[in-house]
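Structure, as C-alpha cells:
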Amino acid sequence: MTGNIVALATSTFLETVRDRIFYLVAIFGFIMLASTAILSPLTVGAQSKIMADVGLASMVIFGLLVVVFVGSNMVRKELDKGTIVTILSKPVGRREYLIGKFLGLNLTLASMLAIMGLLFLLMLLFAPGSFSLRFLGAFYLTFLELTLINAVVVFFSTSVSPVLAAVFTLGVFTVGHLSQSIRDFGQMQGGVFQQQVSEVVYYLTPNLEVFNLRGSIVHGTAVSGEHLVMATVYSLAWTVLLLVVAGSIFSRKELRGE
Amino acid sequence: MIIQAPVKNRTLDQEATGTPQADRHSVVTEREEVSPSKPSLAPAMVLEVRDLRKSFRSGFLKRRIRGIDGVSFSVNRGSVFALIGHNGAGKTTTINCILDLVHADGGEVSIMGLDHRDPASRGRVGYLPERPYFFEHLTGRELLKFYARLLGMPKNRRAARIDEVLAMVGMTAYAGRRLKKFSKGMLQRIGLAQAVLGEPDLLILDEPMSGLDPIGRREIRELLMDLKKAGTTIILSSHIVPDVEMIADTVGILKDGCLVAVRDLDELSNGFSYTGDLALGEAEPAWLPADCRTQNDGRARVQVDSVADLRNLLNDCHREAIPVVSLATHRSSLEELFMEINGETPLKREVVR
C-alpha cells in the first residue's frame with residue numbers, strides 16, 4: 001500500500017516539475033526584488049517590514065495558485081484522458097490513488113515553499129537587521145494552511161468540475177480567513193437565525209486565521225511552540241477528515257461510461 | 001447459465017492437482033476453492049462472470065440505458081476468449097465491470113477466486129484499454145518503472161523485466177523518449193508493454209488493434225499469438241472479426257448488452273470458403289448471379305463454399321477467358337454467425353448454373 005502511494009506521489013511531483021510549475025518561484029524572486037527596489041524609497045525606516053510582508057503574502061498567494069489550479073485539475077484530467085484506468089487496473093485501491101495524488105501535490109507545495117523561503121531569507125540578508133529565523137514559523141504555518149487547502153481542493157475535485165472545484169476552494173479560503181469575523185458578527189446581531197447561521201459557517205469551514213500569524217511575526221513576535229503544535233493538529237484533523245470523505249465519494253465514482 | 005471456455009493448454013499445475021478438463025460449453029455448478037497464499041496452485045478457471053448487469057443514466061431526465069444485462073461466462077487458464085459485437089454492444093462495459101472501473105448493478109465476478117472489487121484480485125491481471133493514454137511527462141522507461149512499482153515488482157527485477165517487455169513490443173529504441181512524442185501505434189505498444197509487465201495470468205485487451213495501420217496490426221497480432229503460445233490467458237474485445245478468428249479459441253458475441261452466443265472457433269470454422277474477384281470486362285456469363293456484378297469497374301466477387309465449387313468456377317472462367325484477379329481462402333463462419341445474430345445478410349453468394 002505504502003509503495004503504491006509513494007509511486008503515485010512521486011509521479012505527481014514529477015509531473016508538476018516537468019509542467020514547469022516551478023517557474024512561479026522565479027516570479028516570486030522577481031517580486032521580492034521589485035519590492036526592495038520600488039517600495040524601499042517609499043517606506044523610510046520600514047523597508048525590512050515591507051519586504052517581509054510582501055514576501056510572506058506572495059508565498060501564500062503562489063502556493064494557493066499552485067494548489068488550487070493544479071489540484072482542481074489533477075484527478076479530473078486523469079479521469080478525462082483515461083490514464084486512471086490503467087493505474088486502477090493494477091492492485092491499487094482508489095483511496096490509495098487519491099492519497100498518492102494529494103501527497104504528490106503536497107510535495108510540490110513543500111518544495112516550492114522551501115525554495116521561496118530560502119530566497120526570502122537571502123533577500124532579508126541584504127536588509128540590515130531584518131534577518132531572523134522566526135520567519136521559519138511563518139513558513140511552516142503557511143505550509144499547514146495550504147496542506148489543508150490541498151485537501152479541500154482534492155475533496156471538491158472528486159465530485160465537481162475543475163472550474164467549480166477551483167471556485168469552491170477559493171471560496172473556502174476566503175471564508176476560512178473570515179470565519180472568526182463572521183461568527184463574531186453573528187453573535188453581535190440580535191436575531192437567533194443570524195447567530196445560528198454564523199455558528200454553522202464557523203464550524204463548517206476551517207478557521208484559517210489559526211495559520212495567519214504573519215503580521216505579528218513581521219513585527220518581531222515569534223510563534224510559540226504550543227501554537228505550532230495546535231496548528232499542526234488542527235490542519236491534520238481537517239485534512240484527514242476531508243480525505244476520508246473524498247475517498248468515500250471517489251470509491252463510489254464510475255470511472256468510465258459506455 | 002455459465003458458459004465455460006475450453007481449456008487449450010493444460011498446465012502442469014492442473015495435472016498435478018488433478019483438476020479435470022472442463023467440458024466445452026459445460027454448465028459450471030461449483031466454484032473452485034482458491035487459496036491466495038498459494039499462487040502456484042492456480043485454478044483452471046481464471047475468470048468467472050455470473051449474471052453481470054449494468055445500466056447507465058443518461059440525458060436530462062436521467063433515463064436508464066442498458067449497458068449489459070445478465071452476462072455470464074467463464075474463461076479457463078491458457079485460453080483466448082474474444083468478446084465481439086458491434087459498437088455499443090457492451091464489450092467495453094463488460095471489461096470495465098470485470099475490472100471494477102465501473103460498478104456493476106448486479107452479478108458476480110471472480111478473478112482467480114478473488115472478488116473483483118478487491119484490489120488484490122488485479123495483482124495478476126494485465127489490462128490494455130481502448131485508446132490508451134498515459135502520463136505524457138514520462139518517458140517510456142519511466143512509465144514502465146511507475147507501473148512496476150504499482151505491481152509491487154522487486155526493485156532488483158524491474159530493470160531487466162522492463163528491458164524484456166520493451167524488446168517484446170519493439171520499443172527499446174524509443175524507451176527514452178517522452179510519451180507526448182509517441183504516435184498512436186507507439187502508445188498502443190507501450191500500453192501492451194505495461195499490460196504484460198507483471199507477467200499476468202490474465203491479460204485483458206480492449207480493442208487492441210483499433211486505429212493501427214496494417215503493419216502495426218500484424219505486429220500486435222503476432223505478439224498476442226506469442227503470448228498465447230506461452231500460455232497466457234487472454235480476453236480481448238474487438239469488432240474486427242478476422243483478427244479474432246486468428247487469435248481466439250472461443251468467442252462470445254454480445255448484442256445490445258446481452259451475451260447471445262458463445263462458440264468454440266475450431267468447431268465453428270470446420271468449413272472454409274473461397275472468394276474470387278473476376279474481371280468480367282464485356283463478358284457476362286449466364287451462370288453469374290446478377291447481384292454479383294459490380295456496377296463501376298466491371299468486376300464481380302464470387303464466393304463458394306467447397307473445393308468442388310471452386311474448381312468449377314475456375315474451369316468456367318478459364319473456358320470463357322475471364323481473368324481471375326484474386327482468389328482468397330477464408331473461414332467465414334464466424335463472420336456469418338456475427339452477421340446473422342446482428343440481423344444482416346451474409347456476404348456469401350451462390351454460383352448459380
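All values reported here derive from a predicted model rather than from experimental measurement. Below, chain A is the first sequence line, B the second, and so on; all start at residue 1.
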Could you measure the distance from the [atom1] atom of [X] to the [atom2] atom of [Y]? Nearest 0.5 Å is fine.
{"X": "A/Asn4", "Y": "B/Leu151", "atom1": "CG", "atom2": "CG", "value": "8.5 Å"}
{"X": "A/Ser89", "Y": "B/Gln194", "atom1": "OG", "atom2": "CD", "value": "6.0 Å"}
{"X": "B/Leu101", "Y": "A/Lys253", "atom1": "CG", "atom2": "NZ", "value": "14.0 Å"}

When only pairs under 4.5 Å are counted, which of A/Glu78, A/Lys77, A/Arg252, A/Arg94 shares the most heavy-atom pairs with chain B?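 Highest number of heavy-atom pairs under 4.5 Å: A/Arg94.
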Please tabulate, one pair per line, all N/O donor-acceptor pairs under 3.5 Å involving side-chain atoms of residues 138-156 of chain A, not counting sequence neighbours.
residue, atom, partner, partner atom, Å
A/Tyr140, OH, A/Thr232, OG1, 2.8
A/Thr142, OG1, A/Ala138, O, 2.8
A/Glu145, OE2, A/His177, NE2, 2.6
A/Thr147, OG1, A/Asn106, ND2, 3.1
A/Thr147, OG1, A/Phe143, O, 2.7
A/Asn150, ND2, A/Phe102, O, 3.2
A/Asn150, ND2, A/Asn106, OD1, 2.9

How about B/Asn96 and A/Glu254: do any of their side-chain heavy atoms sit closer than 4.5 Å?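 When only atoms from C-beta onward are counted, A/Glu254 and B/Asn96 do not touch, as no gap falls below 4.5 Å.
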Identify which part of [X] has an atom lying under 4.5 Å from any heavy atom of chain A, answering side chain, backbone, both or neither.
{"X": "B/Arg178", "value": "side chain"}
{"X": "B/Lys145", "value": "neither"}
{"X": "B/Ile204", "value": "neither"}

Compile the donor-acceptor pairs under 3.5 Å between side chains in residues 239-247 of chain A and protein atoms, sequence neighbours left out, one pair per line.
residue, atom, partner, partner atom, Å
A/Thr239, OG1, A/Ser235, O, 2.7

Let me know if A/Leu8 has heavy atoms under 4.5 Å from chain B in its side chain, its backbone, both or neither.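 Both backbone and side chain.
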Would B/Leu99 and A/Leu88 satisfy side-chain contact (heavy atoms from CB on, under 4.5 Å), going step by step from the backbone distance to the final call? CA-CA 8 Å; B/Leu99 292 166; A/Leu88 293 181; over 6 Å; no
Considering all heavy atoms of both residues, which atom of B/Pro119 and which atom of A/Gly93 are nearest to each other, and what is their separation?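 Closest pair (atom of B/Pro119, atom of A/Gly93, distance): CG-CA, 4.0 Å.
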What are the two closest non-hydrogen atoms of A/Pro91 and B/Gly123, and how far apart are they?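 Heavy atoms of A/Pro91 and B/Gly123 come nearest at CG-CA, 3.7 Å.
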Against A/Thr86, only a single residue in B/Tyr147, B/Tyr127, B/Tyr133 fulfils side-chain hydrogen bond (donor to acceptor under 3.5 Å, both in side chains); can you say which?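 Result: among B/Tyr147, B/Tyr127, B/Tyr133, B/Tyr147 is the only option passing the side-chain hydrogen bond (donor to acceptor under 3.5 Å, both in side chains) with A/Thr86.
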Taking atom OH of A/Tyr202 as the centre, does the number of heavy atoms from other residues, nucleotides or ligands within less than 6.0 Å exceed 12?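 Yes.
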Listed by residue number, which members of residues 9-19 of chain A have a heavy atom under 4.5 Å from any heavy atom of chain B?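 When heavy atoms of chain B are the reference, residues 9-19 of chain A contributes A/Thr10, A/Ser11, A/Leu14, A/Glu15, A/Arg18 within the under-4.5 Å range.
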Test log, rule side-chain contact (heavy atoms from CB on, under 4.5 Å), inputs A/Ile87 and B/Phe135: CA-CA 11 Å; A/Ile87 294 171; B/Phe135 292 130; 3.6 Å; yes
Which residues satisfy the salt bridge (Lys or Arg N to Asp or Glu O under 4.0 Å) test with A/Lys90, sequence neighbours excluded?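 A/Lys90 satisfies salt bridge (Lys or Arg N to Asp or Glu O under 4.0 Å) with no residue once adjacent residues are dropped.
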